[in-house]
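See structure below.
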Amino acid sequence: MGTLTGKTAVITGSTSGIGLAYARAMAKAGANIVLNGMGKPEDIEKERAGIEADFKVKAVHSPADMTKPAEIAEMVALGEKTFGSVDVLVNNAGIQFVSPIEDFPIEKWDAIIAINLSSAFHSIRAAVPGMKKRGWGRIINTASAHSLVASPFKSAYVAAKHGIAGLTKTVALEVATHKITCNCISPGYVWTPLVEKQIPDTMKARNMTKEQVINDVLLDAQPTKQFVTVEQVAALAVYLCGDDASQITGANLSIDGGWTAA
Ligand code: NAD
């Protein structure tokens with residue numbers, strides 16, 4: 001029996017990167033999985049079927065767009081309808097955009113606030129009633145080192161991630177007596193498509209080469225001089241789902257190679 005046998009985990013933005021690692025780690029721990037996120041249908045189906053084959057659990061995909069509140073509620077309802085409950089909710093979908101504030105496109109600000117912050121409000125709002133009814137739940141939000149400190153040219157992302165940290169604390173207090181915990185995980189730089197994609201814009205914004213961005217901007221922030229791995233982030237999330245973590249709530253857990261200690 002795994003930590004999560006018989007339970008259901010909904011993980012937003014789980015077709016790629018950290019989210020996919022959460023999904024696979026939670027499936028390994030026994031949970032049925034609601035995947036969510038964008039991508040080519042054949043790639044998503046490959047990941048979905050792979051989870052079922054590798055871990056002997058069930059997995060479905062919700063195409064909910066995290067900018068659409070009604071679709072987010074439908075995603076939670078899909079988990080409840082398909083598997084009978086949503087016991088673990090991981091808010092993880094996120095995008096990035098890098099630009100000086102005076103040129104920051106308004107639509108990018110709005111999209112980042114919607115996907116990286118407001119979607120977590122909508123999904124938590126939809127999932128908490130069922131968790132309260134069953135008297136158990138785990139809410140895990142992927143924040144970032146940028147929920148604690150800032151970097152230039154990331155105004156929307158830093159604002160959204162500081163918001164996620166505040167939302168996490170508020171929800172933790174509201175559900176504390178219901179055996180529901182709410183925490184956020186704050187990774188430093190993890191090598192995923194999200195990090196890879198921001199390199200060209202950072203090269204432009206700072207007038208640097210790719211190697212300079214990797215070594216002087218990204219890994220410069222991280223005292224260990226190494227990227228965090230998606231598996232390390234996922235293992236922390238699985239730990240938060242266990243009984244040993246039942247008194248960890250409202251916490252912002254850094255996994256950042258020492259970045260925010262500096
Ligand atoms: P990624 O680009 O690999 O994955 C992002 C996921 O979000 C994908 O599945 C994508 O389809 C999904 N997504 C994007 N827009 C969506 C929308 N409108 N609706 C539904 N799904 C949508 O990125 P990642 O690096 O794995 O990032 C995951 C989370 O981790 C993000 O919240 C990010 O801010 C956070 N984070 C990442 C790092 C890092 O270094 N990679 C560090 C700290 C925090």
Side-chain angles (χ1 to χ4, degrees), residues 10-25 33-41 43-44 46-48 61-76 78 90-98 107-108 110-120 122-123 140-151 154 156-165 167-168 184-199 202 213-214 217-219 221-222 224 226-234 236-237 252-257 259-260:
V10 173
I11 301 134
T12 74
S14 49
T15 52
S16 168
I18 297 170
L20 183 56
Y22 283 138
R24 291 186 58 83
I33 301 295
V34 179
L35 288 170
N36 160 259
M38 313 297 190
K40 287 196 204 128
D43 293 345
I44 295 173
K46 196 166 147 240
E47 294 300 350
R48 191 203 64 76
H61 174 254
S62 159
D65 179 341
M66 291 299 111
T67 64
K68 308 246 163 68
E71 294 187 18
I72 297 168
E74 276 167 32
M75 171 188 70
V76 172
L78 176 73
V90 184
N91 290 300
N92 170 78
I95 58 167
Q96 175 62 286
F97 194 80
V98 181
E107 64 280 7
K108 291 286 183 198
D110 289 343
I112 289 177
I113 297 299
I115 296 167
N116 297 21
L117 175 58
S118 301
S119 73
H122 296 295
S123 65
I140 299 166
N141 300 318
T142 310
S144 163
H146 283 122
S147 74
L148 297 163
V149 296
S151 299
K154 296 184 177 177
Y157 188 88
V158 172
K161 293 299 185 182
H162 276 64
I164 276 284
L167 176 66
T168 300
C184 59
I185 296 179
S186 284
Y189 282 107
V190 189
W191 189 256
T192 68
L194 180 140
V195 166
E196 218 175 335
K197 272 189 276 185
Q198 67 186 276
I199 290 175
T202 309
V213 170
I214 290 176
V217 180
L218 304 183
L219 293 181
Q222 238 151 259
T224 56
Q226 287 179 4
F227 285 100
V228 181
T229 70
V230 294
E231 290 81 11
Q232 290 168 336
V233 178
L236 180 53
N252 186 342
L253 299 157
S254 292
I255 175 162
D256 66 3
W259 175 350
T260 53

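Remember, it's 1-based here, ligands and their atoms both numbered in the order they're listed.
By the criterion of a heavy-atom distance under 4.0 Å, the side chain of T192, and not its backbone, is placed next to ligand 1. Counting heavy atoms under 4.0 Å from ligand 1, residue Y157 touches it through the side chain alone. The backbone and the side chain of I18 each have at least one atom closer than 4.0 Å to an atom of ligand 1 (non-hydrogen atoms only). Neither the backbone nor the side chain of S186 has a heavy atom within less than 4.0 Å of ligand 1. Only the backbone of S14 comes within 4.0 Å of ligand 1, judged by heavy-atom distances.
For the ligand labelled ligand 1, residue A21 lies outside the 4.0 Å heavy-atom shell. At least one heavy atom of P193 lies less than 4.0 angstrom from ligand 1. Ligand 1 has K161 within reach: a non-hydrogen atom of the residue lies less than 4.0 Å from it. Heavy-atom separations between A114 and ligand 1 are all 4.0 Å or longer.
Put simply, the side chain of I11 reaches to within 4.5 Å of the side chain of I33, judged on heavy atoms. Y157 places none of its side-chain heavy atoms less than 4.5 Å from the side chain of I95.
When hydrogens are left out, the protein atom nearest atom 18 (N) of ligand 1 is D65 OD1, 3.0 Å; that is the closest non-hydrogen contact. Nearest protein heavy-atom neighbour of atom 30 (O) of ligand 1: T142 CG2, 3.2 Å. Given atom 23 (O) of ligand 1, the protein heavy atom at minimum distance is L194 CB, 3.2 Å. For atom 40 (O) of ligand 1, the closest non-hydrogen atom on the protein side is V190 N, 2.7 Å. Looking only at heavy atoms of the protein, atom 7 (O) of ligand 1 is closest to G13 CA, 3.4 Å. Closest protein heavy atom to atom 29 (C) of ligand 1: N92 O, 3.0 Å. Atom 17 (C) of ligand 1 has as its closest protein heavy atom M38 CE, 3.5 Å. Atom 43 (C) of ligand 1 has P187 O, 3.4 Å as its closest protein atom, hydrogens excluded (heavy atom only).
Residue Y189 has at least one heavy-atom neighbour below 4.0 Å for each of these atoms of ligand 1: 40 (O). Ligand 1 places these atoms under 4.0 Å from at least one heavy atom of A64: 19 (N), 20 (C). Residue S16 approaches ligand 1 through these ligand atoms, each under 4.0 Å from one of its heavy atoms: 1 (P), 3 (O), 4 (O), 8 (C), 9 (O). Listed by number with element, the atoms of ligand 1 under 4.0 angstrom from any heavy atom of N36 are 20 (C), 21 (N). Taking a cut-off of under 4.0 Å to the non-hydrogen atoms of V195, the atoms of ligand 1 that pass are 39 (C), 40 (O), 41 (N).
A side-chain N or O of N141 and one of T168 form a donor-acceptor pair less than 3.5 Å apart. Remark: the S123 side chain and the N91 side chain contain an N/O donor-acceptor pair separated by less than 3.5 Å. The closest side-chain donor-acceptor pair between Y22 and T142 falls under 3.5 angstrom.
The option with the heavy atom closest to atom 44 (C) of ligand 1, from among A143, G17, G188, G94, is A143. With atom 21 (N) of ligand 1 as the reference point, the heavy atom nearest to it among A111, A23, G37 is part of G37. Nearest residue to atom 9 (O) of ligand 1 from T15, I72, I11 is T15 (criterion: closest heavy atom).
The N/O atoms of M66, backbone and side chain alike, include one that comes under 3.5 Å of an N/O atom in ligand 1.
Nearest heavy atoms, T202 versus Q198: OG1-O, 2.8 Å. Heavy atoms only, all atoms of each residue included: A64 and I72 are closest at CB-N, 4.3 Å. Across I164 and C184, no two heavy atoms sit closer than the pair CG2-CB, 4.4 Å. When all heavy atoms of S14 and L35 are compared, the closest pair comes out as OG-CA, 3.3 Å. Closest approach of V195 and Y189 over heavy atoms only: CG2-CD2, 4.0 Å. Closest heavy-atom contact between G94 and L194: O-CD1, 3.7 Å.
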Check your understanding: Is there a side chain to side chain contact (heavy atoms under 4.5 Å, CB included) between V90 and V10 once you walk through the steps?
Key -> CA-CA 6 Å; V90 184; V10 173; over 6 Å; no

Point to revise | Stepwise side chain to side chain contact (heavy atoms under 4.5 Å, CB included) test for Q232 and V190 | key: CA-CA 10 Å; Q232 290 168 336; V190 189; over 6 Å; no

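One distance of note links OG1 of T15 with CE of M38; it measures 8.5 Å at 0.5 Å rounding.
A search for side chain to side chain contact (heavy atoms under 4.5 Å, CB included) contacts involving T260 returns A145, L148, V149, S254, D256, not counting sequence neighbours.
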